[in-house]
Amino acid sequence: QIQVVESGGGLVQAGGSLTLSCRTSGRGFSNLAMGWFRQAPGTGREFVAAISRNSITRTYADSVKGRFTISRDNAKSTMYLQMNSLKSEDTAAYYCAASPYISANINDVLAWGQGTQSTVSW
């Protein structure tokens, strides 16, 4: 069984930065592709970014491309999302996801974290 825990959300002004972290346990982290999804109130959960097991492949939603960077440290079983130039429309609960392969599809996710709220103010 895979356990996933996010941290690092908070309140930031537009144009600012936040870094989210996601730590997994229960299954070899290096055998998992990892990703981030987000969900704003009243909307569905949407893909943000994903990274392959060996960090060679990274993919981003068009809405965050050039502003967000996904990375991972297999030795620490931890994944990160560096969010820069934040906009009000980035306000959402951000969810860490573990998958058997890199994917933007919610249906491919094996385990979800509990979510961490990131709020961007004007």
Side-chain angles (χ1 to χ4, degrees):
Q1 188 173 359
I2 304 166
Q3 290 81 45
V4 180
V5 179
E6 305 98 335
S7 61
L11 175 65
V12 66
Q13 288 188 329
S17 299
L18 281 174
T19 301
L20 306 183
S21 299
C22 168
R23 194 171 192 286
T24 69
S25 60
R27 176 174 166 176
F29 181 76
S30 59
N31 293 323
L32 296 167
M34 300 295 297
W36 292 96
F37 291 75
R38 67 186 182 185
Q39 187 168 15
T43 68
R45 196 166 294 189
E46 66 173 9
F47 172 74
V48 176
I51 187 168
S52 62
R53 301 172 187 177
N54 54 13
S55 300
I56 291 178
T57 303
R58 309 179 197 209
T59 183
Y60 298 91
D62 288 343
S63 59
V64 307
K65 204 170 292 184
R67 300 188 298 121
F68 290 12
T69 301
I70 190 170
S71 62
R72 64 189 293 164
D73 184 338
N74 286 353
K76 296 181 179 179
S77 298
T78 303
M79 173 184 64
Y80 306 95
L81 185 68
Q82 176 66 43
M83 305 188 292
N84 298 328
S85 303
L86 283 162
K87 306 175 182 179
S88 58
E89 52 262 43
D90 295 318
T91 295
Y94 284 73
Y95 295 88
C96 177
S99 304
Y101 42 81
I102 187 169
S103 174
N105 191 331
I106 286 179
N107 295 324
D108 292 330
V109 175
L110 296 175
W112 294 98
Q114 81 286 355
T116 183
Q117 179 68 35
S118 294
T119 302
V120 184
S121 64
W122 289 101

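FYI, side chains are in, hydrogens and waters are out, and symmetry mates aren't considered; it's all heavy atoms of this structure.
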When you compare the side chain of Ser63 with that of Arg38, does any pair of heavy atoms fall below 4.5 Å? yes

Side chains of Trp36 and Glu6, heavy atoms from C-beta outward: is any pair under 4.5 Å? yes

So do Cys22 and Arg72 actually touch side chain to side chain, heavy atoms under 4.5 Å? no

Determine, step by step, whether Thr91 and Gln117 satisfy the side chain to side chain contact (heavy atoms under 4.5 Å, CB included) criterion, reporting the C-alpha distance in whole Å, the side-chain angles of both residues, the deciding distance to 0.1 Å, and the verdict. CA-CA 8 Å; Thr91 295; Gln117 179 68 35; 3.9 Å; yes

Is the side chain of Tyr60 donor-acceptor paired with the backbone N or O of Arg67 at a distance under 3.5 Å, no angle test? no

Same apolar cluster (I L V M F W Y, side chains within < 4.5 Å links), Leu86/Phe47: no

At what distance, to the nearest 0.5 angstrom, does CG of Asp73 lie from OH of Tyr80? 5.0 Å

Specify whether Phe68 and Tyr94 have parallel, tilted or perpendicular ring planes, treating 30° as the upper limit for parallel and 60° as the lower limit for perpendicular. tilted

Taking side chain as C-beta onward, heavy atoms only, is Val12 less than 4.5 Å from Ser118? no

When you compare the side chain of Ser7 with that of Thr116, does any pair of heavy atoms fall below 4.5 Å? no

Give a yes or no on whether the backbone of Pro100 and the side-chain of Arg53 come within a donor-acceptor separation of less than 3.5 Å. yes

Which residue in the set Asp90, Val120, Leu20 passes side-chain contact (heavy atoms from CB on, under 4.5 Å) when paired with Met83? Leu20

